[in-house]
Amino acid sequence: MTQTGHSKVRGKISLLAATIVLVSEIVATGECGLAATGPRAVASAASPPAAPAYHSSLPVEGVMPSFDGATSWLNSSPIDAESLRGKVVLVDFWAYSCINCIRMDPYIRIWAAKYGDRGLVVIGVHTPEFRFETDIANIRRATERFAMIWPVAVDSNRIIWWAFGNHYWPALYFIDAKGRIRHHQFGEGDYETSERVIRELLAETEGRMVTDEQPVTTPRGEGAEAAPDIADIRSEETYLGYERATGFASPEGIRRDEAELYTVGNPASNQWSLEGGWTIGPERVILNTPEGDITYRFRARDLHLVLGHADGSKPVRFTISIDGTPPGASHGSDTDQSGEGIVTDTRLYQLVRQSGDIREHTFRIHFFDSGIAAYSFTFG
């Protein structure tokens, strides 16, 4: 063995001895003295194996379409679907006079606030059911009334609606960070599942499993936003325009697009009638005379009526009664105990919220001015 060879051996032995001493000191003190000597050695000794990325078991239902069909945007400049990659997106199709949409709003507000910092983006898509819901001023007032601070695409031509293949108000689509639809919810309700889907997709984006046991959100809605009393509802949505009208009980029958003097008749359960001078159009009934009435025989805790102005020019005063008397404690959020109220803009009005036991009643609304337009009854 050459001298050079012995020097290499002695050098290796000296280095080994020094390493043994240093390791002994590390064990004794608990301090990491090897942090800078070799990343590979530190990783294998001190770090567990990297966990595989978490992938949710939610199915892929398709790819999120674009929002290019929006006629305008509220609360935001136009949004490109591609710019949302990396975010979890909740797309909410709604119409501002839809009672089911209104009752869902408190949940969406809570989700937007609760999960926004983790990457949830809410996009509202306002698609009209009635023609008056294409008025941008009406939609803007609705977003303010319901405290919608997220972007809203105005889909007055239903381009986005058809791109999603949607058929429902409300409808929620849950989009993952890759732009894929992973879940949907048609109609109000099943809020626990919806919130857990949001958590699941956020966890997938973060690469970890859902581990928190935080309870789901249960907001207390006020007025028309309150949850319905499903057990006691015996009346269904009723349209007044002749295209979809059912249950009309005035003895004159429906005269399409013609001014007519109607009489109340005797409405049975879930029937309605007109009194006074009205014109029944395809979507609405319009009061032509200075005064007029609508009567409905219903059973539900809440009664709502979509009301507005035929020409949008003036407020219209009204009063309601239940079985011929003022509503008292059973008044809605848009009436007082004496039953008085006023139509200021075209929207859904909550006229009755029954207190105590729910029974069948005859509801009547009397208008003091011509020019009122009425569209549909809904219940809760």
Side-chain angles (χ1 to χ4, degrees), residues 50-95 101 104-105 107-127 139 143 146-187 190-212 214 216-217:
Y54 173 64
H55 296 288
S56 169
S57 61
L58 290 168
V60 174
E61 300 180 354
V63 177
M64 178 175 66
S66 76
F67 300 106
D68 291 346
T71 55
S72 59
W73 285 81
L74 300 177
N75 302 330
S76 171
S77 56
I79 293 177
D80 178 17
E82 287 297 318
S83 69
L84 297 170
R85 292 297 174 90
K87 301 286 188 180
V88 173
V89 182
L90 175 62
V91 178
D92 169 33
F93 282 89
W94 64 292
C101 302
M104 184 178 279
D105 286 339
Y107 291 87
I108 297 177
R109 286 198 298 268
I110 290 292
W111 296 337
K114 189 174 180 180
Y115 299 108
D117 289 344
R118 288 181 58 186
L120 176 68
V121 176
V122 175
I123 305 289
V125 179
H126 184 273
T127 308
I139 303 168
T143 61
F146 300 130
M148 296 179 173
I149 60 174
W150 48 85
V152 174
V154 179
D155 185 33
S156 293
N157 296 326
R158 295 197 179 186
I159 302 299
I160 305 173
W161 172 278
W162 294 122
F164 273 79
N166 188 51
H167 299 278
Y168 303 94
W169 293 279
L172 300 180
Y173 293 87
F174 301 78
I175 317 298
D176 67 15
K178 295 181 179 180
R180 303 173 301 180
I181 300 172
R182 303 291 294 280
H183 185 70
H184 64 268
Q185 169 64 36
F186 297 148
D190 205 9
Y191 299 113
E192 180 174 339
T193 297
S194 292
E195 184 164 357
R196 294 195 185 282
V197 167
I198 292 171
R199 292 181 184 177
E200 181 83 358
L201 293 180
L202 289 170
E204 182 178 75
T205 303
E206 296 161 353
R208 61 177 182 80
M209 293 186 64
V210 178
T211 57
D212 66 70
Q214 186 179 7
V216 295
T217 304

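We count residues from 1, following the sequence as given.
You'll find the side chain of Phe174 reaches within 4.5 Å of the side chain of Leu90, heavy atoms only. No side-chain heavy atom of Val122 sits under 4.5 Å from any side-chain heavy atom of Trp111. Using a 4.5 Å cut-off on side-chain heavy atoms (C-beta onward), Arg182 and Val60 make contact. Counting heavy atoms from C-beta on, the side chains of Tyr191 and Gln185 never come closer than 4.5 Å. Looking at Ile123 and Val89, their side chains come closer than 4.5 Å, going by heavy atoms from C-beta outward.
A salt bridge is absent between Glu200 and Arg196: the closest approach of a Lys/Arg side-chain nitrogen to an acidic carboxylate oxygen does not fall below 4.0 angstrom.
In this structure, Trp169 contributes its side chain and Thr127 its backbone to a donor-acceptor pair below 3.5 Å. A donor-acceptor pair under 3.5 Å links the side-chain atoms of Trp161 to the main chain of Asn166, judged by distance alone. Judged by distance alone, the side chain of Thr71 and the main-chain N or O of Val154 form a donor-acceptor pair under 3.5 Å. A donor-acceptor distance shorter than 3.5 angstrom exists from the side chain of Asn75 to the backbone of Met148, with no hydrogens or angles considered. Between the side chain of Asp155 and the backbone N or O of Ile159, at least one donor-acceptor pair lies under 3.5 Å.
Within the model, atoms CG of Leu172 and OH of Tyr107 stand 12.5 Å from one another, a figure rounded to the nearest 0.5 Å. Annotation: the span from Trp162 atom CH2 to Asn157 atom CG amounts to 13.0 Å, rounded to 0.5 Å. A distance of 11.0 Å separates CD in Glu61 from CG in Asp176, rounded to the nearest 0.5 Å. Between the CG atom of Leu58 and the NE2 atom of His183 there is a distance of 7.5 Å, given to the nearest 0.5 Å. The CZ atom of Arg180 sits 12.5 Å away from the CE atom of Met64 when rounded to the nearest 0.5 Å. Remark: Ser56 OG to Arg199 CZ distance equals 14.0 Å, nearest 0.5 Å.
Counting heavy atoms of neighbouring residues, nucleotides and ligands inside a 6.0 Å radius, atom CD1 of Ile110 exceeds 12 of them. By the neighbour-count criterion of 12 heavy atoms within 6.0 Å, atom NZ of Lys114 is densely surrounded, having more than that number from other residues, nucleotides or ligands. The local environment of CG in Asp80 is crowded, with over 12 non-hydrogen atoms from other residues, nucleotides or ligands closer than 6.0 Å.
When all heavy atoms of Ala70 and Ala153 are compared, the pair lying nearest together is CB-CB, 4.0 Å. Counting all heavy atoms, side chain and backbone alike, Pro151 lies closest to Ser76 at CB-CB, 3.5 Å. Between Gly119 and Leu202, the shortest heavy-atom distance links the atoms C-CD2, 4.1 Å. What you find for Ile160 and Ser66 is that their closest heavy atoms are CG2-O, 4.3 Å.
Checked against ring pair (Phe, Tyr, Trp, His ring centres under 6.0 Å), Trp150 has no partners two or more places apart in sequence or in another chain. Evaluation of the ring pair (Phe, Tyr, Trp, His ring centres under 6.0 Å) rule for Phe146 yields no partner, not counting sequence neighbours.
A side-chain N or O of Glu195 and one of Tyr115 form a donor-acceptor pair less than 3.5 Å apart.
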(message) Test side chain to side chain contact (heavy atoms under 4.5 Å, CB included) on Phe164 and Val91; report intermediate values, then the result.
(response) CA-CA 10 Å; Phe164 273 79; Val91 178; 4.2 Å; yes
(request) For Ile175 and Leu84, run side chain to side chain contact (heavy atoms under 4.5 Å, CB included): C-alpha distance rounded to whole Å, both residues' side-chain angles, the deciding distance at 0.1 Å, then the answer. (result) CA-CA 10 Å; Ile175 317 298; Leu84 297 170; over 6 Å; no
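A perpendicular orientation is assigned to the rings of Tyr173 and Phe186, their planes being inclined by more than 60° (bins at 30° and 60°).
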